[in-house]
Amino acid sequence: MNATYRILVLNGPNLNLTGLREPSIYGSATLQDINDLLTDAASELHVTLDFFQSNHEGCLIDRLHEAVGHYDGVILNAGALTHYSYALRDAIAAIHIPTVEVHMSNIQAREEFRHTSVIAPVCLGSIAGFGSFSYHLAMAALLENLKTFEKEI
């Protein structure tokens, strides 16, 4: 890979409790563990990652707005906001930065209210069900899209 990409990794409500919260669903790795492993993988790919987690919808929206002109892509685990935050959906659509939705659990195999993602239609794609490795898959998909986009220009 010739280019260096900047990617923002956003995590929404309750993801600060990853590793403690329902480890049978989300695993025992903490969010910091996940960030560290993702950073290691990114360094080999010449990718710069910045991480941000908030339990507040407005903070996530502000961070998306601030991403314009600074990031090539976004990896977003919106947590429960996935299922009802039209404000977050509109922010993703407004910034025109390729965004990959990520979930550690398979949201389709869980409670019915988790089956609908209001952000999916404005995301490049969705990765779900692979535990913390979902973030790695999201990064790979995002980078592939960015490289393909570069070739088309």
Side-chain angles (χ1 to χ4, degrees), residues 1-23 25-82 85 87-107 117-153:
M1 174 184 297
N2 297 332
T4 299
Y5 296 107
R6 290 200 57 165
I7 296 174
L8 176 61
V9 181
L10 285 180
N11 286 285
N14 299 309
L15 287 155
N16 56 308
L17 297 178
T18 301
L20 300 173
R21 176 182 172 230
E22 299 178 90
I25 295 173
Y26 300 108
S28 58
T30 66
L31 188 57
Q32 188 61 55
D33 293 338
I34 294 167
N35 292 350
D36 290 345
L37 289 171
L38 201 57
T39 298
D40 290 345
S43 67
E44 295 176 17
L45 299 169
H46 307 289
V47 172
T48 301
L49 300 176
D50 288 322
F51 300 93
F52 182 77
Q53 186 279 326
S54 180
N55 293 317
H56 305 281
E57 180 181 36
C59 292
L60 295 168
I61 292 168
D62 288 344
R63 197 61 186 239
L64 285 168
H65 292 180
E66 293 164 4
V68 176
H70 300 284
Y71 294 97
D72 302 298
V74 175
I75 296 170
L76 171 62
N77 185 339
L81 295 172
T82 298
S85 178
L88 191 58
R89 180 223 178 273
D90 290 348
I92 296 165
I95 63 171
H96 302 289
I97 299 174
T99 300
V100 176
E101 173 186 17
V102 65
H103 300 282
M104 290 186 279
S105 67
N106 179 352
I107 61 174
S117 168
V118 299
I119 66 171
V122 294
C123 288
L124 179 63
S126 301
I127 307 286
F130 296 96
S132 61
F133 192 63
S134 293
Y135 288 89
H136 293 268
L137 294 170
M139 183 169 65
L142 185 54
L143 291 174
E144 187 61 32
N145 177 265
L146 292 170
K147 289 189 300 186
T148 300
F149 180 72
E150 269 185 1
K151 289 177 187 174
E152 292 174 358
I153 294 179

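Excluded from the calculations below are hydrogen atoms, water molecules and symmetry mates; all remaining heavy atoms, backbone and side chain alike, are included.
- When all heavy atoms of A91 and H65 are compared, the pair lying nearest together is CB-NE2, 3.9 Å.
- Taking CG from N35 and CZ from F51, the interatomic distance works out to 4.0 Å, rounded to the nearest 0.5 Å.
- The shortest distance between side-chain heavy atoms of E66 and L8 does not fall below 4.5 Å.
- I119 and S85 get closest at one heavy-atom pair: CG2-O, 4.3 Å.
- Looking at heavy atoms from C-beta onward, Y71 lies in side-chain contact with R63 at the 4.5 angstrom threshold.
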Inset, instruction - Show your working on side-chain contact (heavy atoms from CB on, under 4.5 Å) between T99 and L10 and close with a plain yes or no. - result: CA-CA 10 Å; T99 300; L10 285 180; over 6 Å; no
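- Separation of atoms OG (S132) and CG (L137) is listed at 10.0 Å; rounding is to 0.5 Å.
- Closest non-hydrogen pair, S117 versus P121, comes out as O-CD, 3.6 Å.
- Residues M104 and Y135 have side chains in contact (heavy-atom distance under 4.5 Å, counting atoms from C-beta outward).
- A heavy-atom distance below 4.5 Å is not found between the side chains of H136 and F130.
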Inset, instruction - Give the C-alpha distance, both sets of side-chain angles, the deciding distance and a yes or no for side-chain contact (heavy atoms from CB on, under 4.5 Å) between T148 and N145. - result: CA-CA 5 Å; T148 300; N145 177 265; 5.6 Å; no
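- A distance of 10.0 Å separates CD of Q32 from CG of L37, quoted to the nearest 0.5 Å.
- Rounding to the nearest 0.5 Å places CD1 of I97 at 10.5 Å from CG of L142.
- From T39, atom OG1 reaches atom CG of D50 across 9.0 Å, with rounding to the nearest 0.5 Å.
- I92 is not listed as a side-chain neighbour of E101, based on a closest heavy-atom distance of 4.5 Å or more.
- G12 and N55 make their closest contact through O-OD1, 4.2 Å (heavy atoms, listed as atom of the first residue, atom of the second, distance).
- In this structure, D72 and L146 approach most closely via the heavy-atom pair O-CD2, 3.4 Å.
- Contact record, A138 with I75: CB-CG2, 4.0 Å, taken as the closest heavy-atom pair.
- The main-chain N or O of G79 is found under 3.5 Å from a side-chain atom of T82 such that the two form a donor-acceptor pair.
- Atom OG of S134 is separated from atom NE2 of H103 by 9.0 Å, given to the nearest 0.5 angstrom.
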